[in-house]
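Structure, as structure tokens:
Side chains are part of it too, since the values below use all heavy atoms of this structure and drop only hydrogens, waters and symmetry mates. These numbers come from a predicted model, not from an experiment. Chain letters run A, B, ... following the sequence lines, proteins first and then strands; every chain starts at 1.
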Amino acid sequence: MKIKEQFAADLQKQFGEHLDRHNIYHLIEVPKQQEHGDLAFPCYTLSGKLRRNPALIAQEAANQLEDAAGYEKVEAVGAYLNVFLNKQLTASAILARIMEEKNNYGNSQVGQGDVVVMDMSSPNIAKPFSLGHLRSTVIGHSLSLIAEKRGYKTVRINHLGDWGTQFGKLIAAYKKWGSEEKVKQNTIQELLALYIRFHEEAEHSPALEEEGRLWFKQLEEGHADALALWKWFRAESLQEFERIYKLLGVSFDSDNGEAFFNDKMQRIVDILEEKQLLTESEGAMVVDLSEDNLPPCLIKKSDGATLYATRDLAAAVYRKETYHFGNSVYVVGNEQSLHFQQLKAVLRKMGYSWWEDIRHVSFGMILKEGKKMSTRKGKVILLEDILQEAIELAKTNIEEKNPGLADKQSVAENVGVGAVVFHDLKNHRHNDIEFSLEDMLRVEGETGPYVQYTFARARSLLRKGGYQPAAEEVNGCDREAWPVVKQLDAFPAVINRAAEQDDPSQIAKYVVDLAQAFNKYYAGTRILEEGKWKGQRLALTFAVSIVLKEGLRLLGIHAPEEM
RNA sequence: GGCUCCAUAGCUCAGGGGAUAGAGCAAUGGUUUCCUAAACCAUGUGUCGCAGGUUCGAAUCCUGCUGGGGCCA
């Protein structure tokens with residue numbers, strides 16, 4: 001990144017009259033072919049402005065640049081100006097910077113302490129933790145870590161699905177068939193079974209539906225019996241989710257879910273009424289959004305019940321007033337994009353200038369045979385089972401490859417969970433994912449364990465080489481290390497891109513690229529061999545280990561020292 | 001029907017308007033008296049969904065079409 005900026009500055013000296021710095025920087029590219037150098041500048045745009053042959057422009061620019069410091073070779077090839085950087089100088093600068101900054105390499109202060117509220121994970125209590133919630137959790141977690149690295153403060157909110165008529169049904173079902181012991185033992189599965197049974201039996205017995213409604217009414221009115229059960233379901237569910245969060249290394253600043261906003265919705269309705277934004281439509285109260293080309297936003301049903309949107313409006317306002325956010329991010333599936341458009345539009349109409357600071361970071365669904373996975377029917381894939389299976393597989397691999405390893409369980413957890421998390425983050429969040437256990441458990445190729453393995457090997461080298469970071473004078477690198485050095489240089493730019501696009505996959509891809517570059521180097525160069533390069537090679541290895549670990553950390557993945 | 005997302009190698013996906021479109025998986029073959037073989041190397045594959053347009057230049061930007069996903073009191 002630094003080197004590209006330098007190149008842009010040098011070009012600006014020549015072409016500043018015709019192109020500004022930003023344009024020049026944007027035109028610079030990294031050539032695909034190694035023979036084309038480290039950076040290239042195509043002269044077509046200048047050719048248009050100067051009305052001259054681009055090849056001539058490139059040639060002249062090459063002649064002028066030749067003397068500038070930092071370049072090993074400058075070459076005009078057709079319309080391209082190709083530069084080869086001075087490897088010793090550049091490598092020294094990059095490595096020195098990483099040695100000095102260590103895991104702070106890539107940090108910035110663009111956030112200036114601004115608060116980002118991250119609505120993430122948000123599973124429904126009494127229901128299994130789905131793979132969709134896994135996506136929200138790991139994407140949100142990674143984005144908040146990235147934001148923190150850029151100087152933002154984050155507030156992670158687990159907006160639990162802990163309210164709704166289904167809890168009336170659940171209480172009814174529990175009262176009829178439930179067992180305290182079973183629920184305690186296996187909360188989610190037991191509650192889900194009760195819920196399914198309720199629906200099955202309700203088909204033949206309408207009285208049951210009525211009973212469910214009654215229980216929900218009692219819950220809403222705060223009757224002790226109903227409330228106690230609901231609280232218990234909630235606490236037991238949360239406890240079970242906590243096991244998953246612990247494995248994922250995720251924690252929250254708030255688990256205020258839907259129920260928390262029960263007493264905060266009337267205020268929203270009042271404001272909407274006061275501002276005369278409510279209109280009646282088919283007996284319901286709605287906010288008309290036709291000027292935004294959106295369907296009306298439902299605020300209150302004909303029976304007076306408030307709706308999802310009202311609750312989210314209350315939550316948005318509450319978060320603004322409580323956390324004073326600069327940005328409020330919702331990591332929620334893309335099937336809800338209309339809802340968030342409506343939410344923003346209503347907030348704007350309510351006169352909240354911060355409506356623009358609300359961002360829906362959407363993601364694709366997990367599909368099964370090309371279709372949306374259904375949580376009904378009881379045929380669900382439990383995330384926890386997948387994680388356990390991944391951990392078992394990692395354990396098997398350890399027994400086979402490194403049986404003497406200390407602390408096998410924790411390493412297996414890091415690697416198994418790393419595989420699942422990386423699999424979720426490596427592709428762009430917009431893409432739908434076809435469910436494949438095989439892919440999730442994969443440990444070779446572009447996977448989390450591959451990157452972790454590369455890190456572990458690097459650490460092993462440093463141990464065996466008795467490397468002491470502070471003692472080492474960084475001075476250049478051998479020729480074979482150059483691709484690795486260039487990759488190291490790119491890290492800060494990758495973090496920025498990931499942040500600007502709310503896209504953790506940028507970092508996942510980067511970390512694979514760096515690992516590939518280093519593995520290639522490792523395969524061809526004996527790092528621990530005594531000789532003039534040994535110190536530099538170890539310094540490079542150290543820098544790689546820092547960046548791999550930090551990149552993985554930003555994805556929410558641990559990097560064990562050995563595996 | 002309206003809005004929206006997607007279409008690149010057999011599969012999963014990268015490709016910030018630029019040079020010969022790349023990885024991984026899968027397949028085949030090779031590399032450990034030597035730093036962890038969860039690694040590395042080699043081999044093959046493409047009407048970048050279709051048709052126009054903008055541009056010196058389009059997988060990339062625009063429009064339309066086809067096919068698929070999603071959302072819409």
Side-chain angles (χ1 to χ4, degrees), chain A residues 25-33 35-36 40-45 47-48 53-54 77-80 82 281-286 293-302 307-309 333-342 362-365 367 370-372 393-394 396-398 400-402 404-405 415 418-419 423 426-428 430-434 436 438-439 442-454 456-465 493 497 500-501 505-506 508-509 512-513 515-516 518-529 537-538 541 562-563:
Chain A
Y25 185 84
H26 199 70
L27 283 169
I28 294 172
E29 55 189 277
V30 179
K32 287 166 197 153
Q33 266 73 38
E35 319 86 79
H36 292 147
F41 181 72
C43 297
Y44 300 102
T45 309
S47 163
N53 182 335
V77 178
Y80 284 84
N82 297 333
S281 163
E282 295 174 36
M285 298 308 281
V286 304
N293 203 18
L294 292 170
C297 180
L298 242 95
I299 299 298
K300 230 174 168 178
K301 274 206 267 193
S302 45
L307 284 139
Y308 195 63
N334 58 19
E335 65 267 29
Q336 298 219 40
S337 71
L338 177 62
H339 167 73
F340 284 104
Q341 284 178 53
Q342 291 178 311
S362 63
F363 55 83
M365 299 181 295
L367 305 175
K371 279 184 240 149
K372 195 171 173 174
L393 181 69
T396 312
N397 278 326
I398 290 167
E400 187 187 313
K401 294 162 202 278
N402 196 358
L405 181 66
V415 174
H423 173 261
K426 75 173 174 179
N427 292 330
H428 195 278
H430 278 307
N431 299 347
D432 290 339
I433 297 180
E434 175 67 32
S436 158
E438 201 190 334
D439 284 350
R442 194 156 267 152
V443 299
E444 286 162 15
E446 297 167 334
T447 66
Y450 170 84
V451 180
Q452 288 170 317
Y453 176 71
T454 309
R457 286 220 291 200
R459 294 298 301 171
S460 166
L461 282 174
L462 295 170
R463 279 193 302 274
K464 294 207 168 156
R497 204 163 63 227
E500 280 155 15
Q501 300 175 11
S505 79
Q506 299 289 338
K509 280 162 204 145
V512 165
D513 287 344
Q516 281 177 343
F518 182 72
N519 278 328
K520 195 169 266 199
Y521 176 66
Y522 174 98
T525 304
R526 299 209 48 79
I527 290 165
L528 291 180
E529 198 171 75
R537 285 171 176 163
L538 279 170
T541 304
E562 292 178 68
M563 62 187 266

Between the protein and nucleotides 71-73 of chain B, which nitrogen or oxygen pairs come in under 3.5 angstrom?
unit_1: rC71(B); atom_1: OP1; unit_2: K372(A); atom_2: NZ; d: 3.1

key: Partner set under ring pair (Phe, Tyr, Trp, His ring centres under 6.0 Å) for F340(A), not counting sequence neighbours   = Y330(A), H360(A)

task = Select base, sugar-phosphate, or nothing to describe what K509(A) touches, counting heavy atoms under 4.0 Å on all strands.
result = sugar-phosphate

inquiry  = Within the 4.0 Å heavy-atom criterion, would you say I398(A) contacts the bases, only the backbone, or no part of the nucleic acid?
reply    = base

query = salt bridge (charged side-chain N to carboxylate O under 4.0 Å, His left out) with R497(A): which residues, sequence neighbours excluded?
reply = none

Write down the protein N/O and nucleotide N/O pairs, taken from nucleotides 29-34 of chain B, whose separation is under 3.5 Å; answer none if there are no such pairs.
unit_1: rC34(B); atom_1: O2'; unit_2: R526(A); atom_2: NH1; d: 3.4
unit_1: rC34(B); atom_1: O2'; unit_2: R526(A); atom_2: NH2; d: 2.2
unit_1: rC34(B); atom_1: O2; unit_2: R526(A); atom_2: NH1; d: 2.9

query = Who are the ring pair (Phe, Tyr, Trp, His ring centres under 6.0 Å) partners of H339(A), not counting sequence neighbours?
reply = Y308(A)

message = Once side chain to side chain contact (heavy atoms under 4.5 Å, CB included) is applied, do any residues pair with E400(A), and if so which ones, sequence neighbours excluded?
response = none

task = Give each stem of RNA chain B as a range with a range, requiring at least 3 consecutive Watson-Crick or G-U wobble pairs whose two distances are under 3.5 Å.
result = B:1-7 with B:66-72, B:10-13 with B:22-25, B:27-31 with B:39-43, B:49-53 with B:61-65

task = Decide whether K464(A) and S460(A) meet the rule of one side-chain donor and one side-chain acceptor closer than 3.5 Å.
result = no

key: With sequence neighbours excluded, residues passing side chain to side chain contact (heavy atoms under 4.5 Å, CB included) with A419(A)   = P449(A)

task = Report the distance from atom CD of Q452(A) to atom P of rA39(B), rounded to the nearest whole Å.
result = 12 Å

task = Report the residues that fulfil salt bridge (charged side-chain N to carboxylate O under 4.0 Å, His left out) with E438(A), sequence neighbours left out, ordered by chain and then residue number.
result = R442(A)

task = Report which part of the nucleic acid T45(A) touches: base, sugar-phosphate, or nothing (heavy-atom distance under 4.0 Å, all strands).
result = base

message = Can you tell me if H428(A) touches the phosphate of rC5(B), counting only side-chain N or O atoms and a distance under 4.0 Å to OP1 or OP2?
response = no

task = Looking at every strand, decide which applies to M563(A) at a 4.0 Å heavy-atom threshold: base, sugar-phosphate, or nothing.
result = base

ask   = R537(A): what forms a salt bridge (charged side-chain N to carboxylate O under 4.0 Å, His left out) with it, not counting sequence neighbours?
value = D478(A)

Give each protein N/O atom lying under 3.5 Å from an N/O atom of nucleotides 19-27 of chain B, with the pair distance.
unit_1: rA19(B); atom_1: OP2; unit_2: K32(A); atom_2: NZ; d: 2.6
unit_1: rA19(B); atom_1: N6; unit_2: N82(A); atom_2: OD1; d: 2.9
unit_1: rA19(B); atom_1: N1; unit_2: N82(A); atom_2: OD1; d: 3.3
unit_1: rA19(B); atom_1: N1; unit_2: N82(A); atom_2: ND2; d: 3.2
unit_1: rA23(B); atom_1: O2'; unit_2: E446(A); atom_2: OE2; d: 2.6
unit_1: rG24(B); atom_1: O4'; unit_2: E446(A); atom_2: OE1; d: 3.4
unit_1: rG24(B); atom_1: O4'; unit_2: E446(A); atom_2: OE2; d: 3.2
unit_1: rG24(B); atom_1: O2'; unit_2: E446(A); atom_2: N; d: 3.3
unit_1: rC25(B); atom_1: O2'; unit_2: R442(A); atom_2: NH1; d: 3.4
unit_1: rC25(B); atom_1: O2'; unit_2: R442(A); atom_2: NH2; d: 3.3

query = How would you list, by chain and number, every residue that makes a ring pair (Phe, Tyr, Trp, His ring centres under 6.0 Å) with H428(A), sequence neighbours excluded?
reply = H430(A)

